Undergrad: 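Could you have a look at this structure, given as structure tokens, before my questions?
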Amino acid sequence: MGRLEGKIAIVTGASRGIGEGIARMFAAEGACVVLAARTADRLQTVAAEIEAAGGQAVPVRADVSATDDVRRMVEVAVERFGGVDVLVNNAAVTFFSKRIDDEEMEAEYDRLMATNVKGVWMGIHYAVPHMRRRGGGSIINISSVHGIASGGHMSAYAASKGALIAGTRALAVELAPHLIRVNCISPGRIWLDDDPSEWVRRRFGEDAHREYLARFRDWLERARGLQQPLPIAGLPVDIAYCAVYLASDEARFCTGANFVVDGGMTAELADPSFHHPGATELAQRQQEMRAWFAEVRRRADSSG
Ligand SMILES: NC(=O)c1ccc[n+]([C@@H]2O[C@H](COP(=O)([O-])OP(=O)(O)OC[C@H]3O[C@@H](n4cnc5c(N)ncnc54)[C@H](OP(=O)(O)O)[C@@H]3O)[C@@H](O)[C@H]2O)c1
């Protein structure tokens, strides 16, 4: 018997990356899963593969920044499976490149907050009555190490992830009388594909992908070992294992917590003297990478 047998779960951002990993593991552990994201075809593929493997999954096209879509996503779980036990708020805008004094930051800030913060709150708003009806539930908010410590150009993303950690604590207290548990997972760097350059291909296209391979792959490979104490790549399954625990009854006494799953990244003291001799060169290359990303994004934005 699976660890989530009989549970009904919604996973947002389930079409790829960490959300896909969580949805697949939930289904393998016996949960009926509603998979939500904006792009229908990829969602359908993931759902069909889960079903082919003997699981139960329904894809729902939903933009979590649109309140009507969020309400519909919850309704689908109720109509198809009979309720909601688990909500994983994973969908997010994962990239914010604007400086605080950038003339054009406001639109990007609004889009990010509407998805990363309001989308999460609205999902909880609509799911809670159904969890109460079923006598309890588990809400899992996917935050980030950026909610704890961060870097330049990431202020809105970091603020959105910090909001999830703070909101998780407050909602855990508010919802505890109903036996609804609310926890966070804060991933460190998670490699979404065996080849991380796929991330660049997906977001910026073929030309950018070729340029990436030429310029930055070596940097990323070396940085991988430098920026976190555990010398292994974090993968979506590392987050999914934690999510399965939090979704299951094994975590019945656990609420208001933030589970940092980061290979030790935030445990390390950022004292330059402790760093690898290659750190200075990597820092220089990182500056170059940021400048290149900004340029590629500018080109992608201006071409529509
Ligand atoms: N990967 C990492 O290293 C890392 C580290 C720390 C934290 N995280 C957090 O982990 C979560 C997943 O990250 P990821 O790297 O797996 O991201 P990803 O590969 O960019 O996938 C994001 C998922 O969310 C969906 N999505 C984005 N905007 C949406 C919206 N408005 N409405 C509905 N779905 C939306 C995407 O599908 P559509 O585009 O089709 O909608 C996709 O399924 C995020 O919360 C991220 O902040 C990731």
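All ligand and atom numbering here is 1-based and tracks the order in the structure. Model, not experiment: these values are computed from the prediction. In this chain, residues are counted from 1 in sequence order.
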Undergrad: Between D63 and S65, does any side-chain donor sit less than 3.5 Å from a side-chain acceptor?
TA: yes
Undergrad: Establish, from distance only, whether the side-chain atoms of T12 and N90 form a donor-acceptor pair under 3.5 Å.
TA: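 Side chains of T12 and N90: no pair found under 3.5 Å.
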Undergrad: For atom 40 (O) of ligand 1, which candidate among I18, T39, V88 provides the closest heavy atom?
TA: T39
Undergrad: Linking I/L/V/M/F/W/Y whenever any side-chain heavy atoms sit under 4.5 Å apart, do M265 and W191 land together?
TA: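 Unlinked, M265 and W191 end up in two clusters.
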Undergrad: Give the numbers and elements of all ligand 1 atoms closer than 4.0 Å to a heavy atom of G17.
TA: 16 (O)
Undergrad: Measuring from non-hydrogen atoms of Y157 to any atom of ligand 1, is the shortest distance under 4.0 Å?
TA: yes
Undergrad: For the residue pair R203 and T94, confirm or rule out a side-chain donor-acceptor distance under 3.5 Å.
TA: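 R203 vs T94: donor-acceptor pair found between side chains.
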Undergrad: Which atoms from ligand 1 have a heavy atom of A62 less than 4.0 Å away?
TA: 32 (N), 33 (C)
Undergrad: Would D69 and R61 pass as an ion pair if we require N to O under 4.0 Å?
TA: yes
Undergrad: To the nearest 0.1 Å, how far is atom 3 (O) of ligand 1 from its closest protein heavy atom, and which atom is that?
TA: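 It is I190 N, 2.8 Å.
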Undergrad: For atom 31 (N) of ligand 1, what's the nearest protein heavy-atom neighbour? Residue, atom name and distance, please.
TA: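 Checked against all protein heavy atoms, atom 31 (N) of ligand 1 sits closest to D63 OD1, 2.8 Å.
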Undergrad: Can you establish whether the number of heavy atoms outside R3 located under 6.0 Å from its atom CZ is more than 12?
TA: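 For R3, atom CZ is crowded (more than 12 foreign heavy atoms under 6.0 Å).
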Undergrad: Could you tell me if any non-hydrogen atom of R203 lies under 4.0 Å from any atom of ligand 1?
TA: yes
Undergrad: Show the atom names and distances, to 0.1 Å, of all donor-acceptor pairs under 3.5 Å that link a side chain in residues 120-130 to residues at least two apart or in another chain.
TA:
residue : atom : partner : partner atom : Å
Y126    : OH   : R71     : NH1          : 3.4
H130    : ND1  : R133    : NH1          : 3.1

Undergrad: I'd like to know if I142 contacts ligand 1, where contact means a heavy-atom distance under 4.0 Å to any ligand atom.
TA: yes
Undergrad: Closer than 4.0 angstrom, basic N to acidic O: yes or no for D262 and R189?
TA: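 Salt bridge absent between D262 and R189.
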Undergrad: Below 4.0 Å from any atom of ligand 1, is there a heavy atom belonging to T94?
TA: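 Judged by the 4.0 Å heavy-atom criterion, T94 does count as contacting ligand 1.
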Undergrad: Should I142 and F259 be counted in the same cluster of Ile, Leu, Val, Met, Phe, Trp and Tyr side chains packed under 4.5 Å apart?
TA: yes
Undergrad: Starting from atom 32 (N) of ligand 1, what is the nearest protein heavy atom, named by residue and atom, and what distance separates them?
TA: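 Here the nearest protein heavy atom works out to V64 N, 2.8 Å.
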Undergrad: Can you report which non-hydrogen protein atom sits closest to atom 22 (C) of ligand 1, along with the distance?
TA: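 Of every protein heavy atom, R16 NH2, 4.0 Å lies nearest to atom 22 (C) of ligand 1.
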Undergrad: With a cutoff of 4.0 Å, is S143 in contact with ligand 1, counting heavy atoms of the residue only?
TA: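 A heavy atom of S143 does come that close to ligand 1.
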Undergrad: Between the candidates S186, G21, G13, G19, which shows the shortest non-hydrogen contact distance to atom 24 (O) of ligand 1?
TA: G13
Undergrad: Among all the protein's non-hydrogen atoms, which is closest to atom 26 (N) of ligand 1, and how far away is it?
TA: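 That would be A91 CB, 3.9 Å.
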Undergrad: Suppose we screen for ring-ring contact (aromatic ring centres under 6.0 Å, His included). Which residues come up paired with H153, at least two apart in sequence or across chains?
TA: none
Undergrad: Looking only at protein heavy atoms, identify the closest one to atom 39 (O) of ligand 1 and say how far it is in Å.
TA: R38 NH2, 2.8 Å
Undergrad: Classify the contact between R189 and ligand 1 as side chain, backbone, both or neither, using a heavy-atom distance cut-off of under 4.0 Å.
TA: backbone
Undergrad: Please determine which of N89, L87, V88, V70 meets the side-chain contact (heavy atoms from CB on, under 4.5 Å) test together with I10.
TA: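 Of the listed residues N89, L87, V88, V70, the side-chain contact (heavy atoms from CB on, under 4.5 Å) partner of I10 is L87.
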Undergrad: Considering distance alone, does some N or O of V93 sit under 3.5 Å from an N or O of ligand 1?
TA: no
Undergrad: Can you tell me which portion of N90 lies within the under-4.0 Å heavy-atom range of ligand 1? Options are side chain, backbone, both, or neither.
TA: both
Undergrad: Inspect the contact between K7 and E29 and indicate whether a charged nitrogen and a carboxylate oxygen are less than 4.0 angstrom apart.
TA: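 Judged by the 4.0 Å cut-off on N to carboxylate O distance, E29 and K7 do not form a salt bridge.
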Undergrad: Does even one non-hydrogen atom of K161 get within less than 4.0 Å of ligand 1?
TA: yes
Undergrad: Within the structure, is a non-hydrogen atom of G188 found at a distance of less than 4.0 Å from ligand 1?
TA: yes
Undergrad: Please report the shortest heavy-atom distance between A57 and E51, naming the atom on each side.
TA: N-OE2, 2.9 Å
Undergrad: Minimum distance, heavy atoms only, to atom 37 (O) of ligand 1: which one of P187, P236, A114, S15 is it?
TA: S15
Undergrad: Which bit of L192 is near ligand 1, meaning a heavy atom under 4.0 Å away: side chain, backbone, both or neither?
TA: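 Within the 4.0 Å criterion, L192 contacts ligand 1 through side-chain atoms alone.
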